[in-house]
Every structure is written in C-alpha cells, then in structure tokens.
Amino acid sequence: MTTQQTATTESQLDAVLNETNMGSFIASNKGLVFGLLILIIAAIIGQGVYQHQSQNKDTQYQEKINTFESGIFKNFQDKKAKAPEVIMAYKNLVKDVNGFSGLLPTTLLVADELTAEKMVKEAVEVLELGSGTNHQYANFLIKSRLSQAYEDNGEIDKAIGSLTDLIKAQTKLFEGKIYLDLGRLYMKKGNTVKAREHFQYVIDKGVDPEFKKMAKLYLTGLKQK
C-alpha cells in the first residue's frame, strides 16, 4: 500500500469514527486507545501464562510430595527408616514446595504416624513446620492438632496458645470445642477463673448440645471444689 493510499484510508477511518462522540474521542486519541488495547491484551496473555505456570508449579510440588510419601515416609511406616530421617526429609520438602497448600494432608499423615509411634515431640516439630499457612481451614487443622500434641507433650501453655490463635482468627469452626478445650486446659493449670469463663461461654453461646452438656459437667465439678 502506497503512502497516499495509507493516508486516504486513515482519513476515511477518522471520518467514520467522528460520526459518534466515542468515535470522535478514538479518532483524536488513536495512539492512546491502541496503546491501552495492547496493554489489555498483554495483561490477558500474561494472566494466562501465570495461571499456566502456577498449574505447572503445583504439579511439580505434588510430584515432590508423592515422592516423599512413596519413599522415605513409606519406609518409616514399614520400619525401614528412622524418625530423624523422615523429619529431615520433611523439612526439605517444606522448603521445596514453598507453602503449597497441598502439603497439608502429608503434614497430618506424618504427625499422626509419629504420634502413633509415641514420638509426640517429633510430631510437634512436624506440625510446627507445617503451620506456616494463611489458609484458614488448613490453619484450623494444624493448630488444633498442635494443641493436642502440645498437651500430650506436657506443654499446656503452648496448647492454650495454639487454641487462642484459632479464636483470634475468627474462623468459627468448632468454636464450642475450642472453648471447651481451653476451659479444660486452664483447669489443668489450676486457673479456675479462666476455666469457668470458657465453660460458661460454651453454655451461653455454644450451638452443639454435647459440648454444652460437657461444659456444664465441668462447671459443676469446679463449683464443688
């Protein structure tokens, strides 16, 4: 196309665009409009590439998790590997998958296996390593398991802290159970004032009848002391 033909075509395009207000704006600011279009298209393409890369990364992370479970963790279950080996491998896995939420089931599996083998201290270590998540449901599962592991390990203050973190997070998942356990833990510490507060909360605001019933029993026991 010659320079004269190009100029003629642009003039015709401008004439058509100027027939409307929007067209007039586009005709006067073609460079800006086309530049914005290019940016929008680039953003759409970029988002697609990001999602594709994220999916690829998640697939790679899941492969690493599968390798851990079918390798060193399976050997531990079969009594062919020791707890320190599993924990070291798990530590490396945590670094490799970089906060990937798909690690949660594996974290709970390893912690449960260690607990079953009476290795509560090691289970606590694994749960603490896996607790760096912002996902509210994953956080609830980890923190609630941690509380039980801390209690089994005789670390009552840490058990209370773990459950208190869940209350602050306001997930409202099993709230009655959390307050009931807090009351029980405070009772273990001998802090009857805090214990009563938490049991009373379950009675007044709890929705699960079983938890309310248990809270009343605990509270009756405290009043008899």
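This is a predicted model, so every value here is computed, not measured.
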CA sep, side-chain torsions, deciding dist, call: N75, V86, side chain to side chain contact (heavy atoms under 4.5 Å, CB included): CA-CA 9 Å; N75 289 339; V86 175; over 6 Å; no
Step by step, would you call L219 with R196 a side chain to side chain contact (heavy atoms under 4.5 Å, CB included)? CA-CA 6 Å; L219 203 52; R196 285 192 181 93; 3.7 Å; yes
Between K121 and L114, does the side chain to side chain contact (heavy atoms under 4.5 Å, CB included) criterion hold? Intermediate values first, please. CA-CA 9 Å; K121 184 178 178 180; L114 288 166; over 6 Å; no
Quick one: do E151 and K158 satisfy salt bridge (Lys or Arg N to Asp or Glu O under 4.0 Å)? Show the steps, please. CA-CA 8 Å; E151 184 180 359; K158 285 188 176 182; over 6 Å; no
What's the verdict on side chain to side chain contact (heavy atoms under 4.5 Å, CB included) for L182 and I167, showing C-alpha distance, side-chain angles and the deciding distance? CA-CA 10 Å; L182 277 169; I167 290 174; 3.2 Å; yes
Determine, stepwise, if the pair T107 / Y90 fulfils side-chain hydrogen bond (donor to acceptor under 3.5 Å, both in side chains). CA-CA 8 Å; T107 300; Y90 178 80; 2.5 Å; yes
Test salt bridge (Lys or Arg N to Asp or Glu O under 4.0 Å) applied to R145 and D112, step by step: CA-CA 9 Å; R145 293 291 184 95; D112 286 350; 2.7 Å; yes
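With hydrogens and angles disregarded, no donor-acceptor distance shorter than 3.5 Å links the side chain of S162 to the backbone of A159. Side chain of S144 to main chain of F140: a donor-acceptor pair is present (N/O by atom type, distance under 3.5 Å, no hydrogens or angles). With hydrogens and angles disregarded, no donor-acceptor distance shorter than 3.5 Å links the side chain of D78 to the backbone of K80. A donor-acceptor distance shorter than 3.5 angstrom exists from the side chain of S131 to the backbone of E128, with no hydrogens or angles considered. In this structure, Q200 contributes its side chain and E197 its backbone to no donor-acceptor pair below 3.5 Å.
Interatomic distance, CG of L222 versus OG1 of T192, reported as 6.5 Å (0.5 Å rounding). Expressed to the nearest 0.5 Å, how far CD1 of I203 lies from NZ of K213 amounts to 13.5 Å. One distance of note links OG1 of T164 with NZ of K143; it measures 10.0 Å at 0.5 Å rounding. If you take CG on N98 and NZ on K57, they are separated by 7.5 Å, rounding to the nearest 0.5 Å. Separating the NZ atom in K74 from the CD atom in E69 is a distance of 12.0 Å, to the nearest 0.5 Å. In this structure, the separation between CD1 on I65 and OG1 on T106 is 5.0 Å, given to the nearest 0.5 Å.
Looking at K177 and M214, their side chains never come closer than 4.5 Å, going by heavy atoms from C-beta outward. With a 4.5 Å cut-off on side-chain heavy atoms, E175 and K205 do not count as touching.
L103 and I142 end up in different hydrophobic clusters when Ile, Leu, Val, Met, Phe, Trp and Tyr side chains are linked at under 4.5 Å. Cluster membership check: Y61 shares its hydrophobic cluster with L109, using side-chain heavy-atom separations under 4.5 Å among Ile, Leu, Val, Met, Phe, Trp and Tyr. No path of Ile, Leu, Val, Met, Phe, Trp and Tyr side chains, each step under 4.5 Å between heavy atoms, connects L108 with F100, placing them in separate hydrophobic clusters. In the hydrophobic clustering of this structure, Y150 groups with Y179; members are Ile, Leu, Val, Met, Phe, Trp, Tyr whose side-chain heavy atoms approach within less than 4.5 Å, directly or through other members. Hydrophobic clustering (side-chain heavy atoms under 4.5 Å, transitive across Ile, Leu, Val, Met, Phe, Trp, Tyr) keeps L127 apart from M119.
Closest non-hydrogen pair, T115 versus A123, comes out as OG1-CB, 3.4 Å. The nearest pair of heavy atoms linking V120 to A149 is CG1-O, 3.3 Å. Nearest heavy atom pair, residue V94 against residue L129, reads CG1-O, 4.1 Å. Smallest separation of non-hydrogen atoms from L141 and L104: CD1-CD2, 3.8 Å. The two residues I87 and V126 come nearest to each other via the heavy atoms CG1-CG2, 4.2 Å. Here the closest heavy-atom approach between residue F199 and residue R184 is recorded as CZ-N, 3.5 Å.
Ion pair E125/K91 flagged as a salt bridge, since at least one NZ, NE, NH1 or NH2 atom sits closer than 4.0 Å to an Asp/Glu carboxylate oxygen.
Applying the ring-ring contact (aromatic ring centres under 6.0 Å, His included) definition to pairs two or more places apart or across chains, none involves residues 65-87.
For K212, the NZ atom is densely surrounded, since the number of other residues' heavy atoms within 6.0 Å is greater than 12. For F174, the CZ atom is loosely surrounded, since the number of other residues' heavy atoms within 6.0 Å does not exceed 12.
Under the side chain to side chain donor-acceptor pair (under 3.5 Å) rule, Q62 has a single partner from T59, D58, N66, which is N66.
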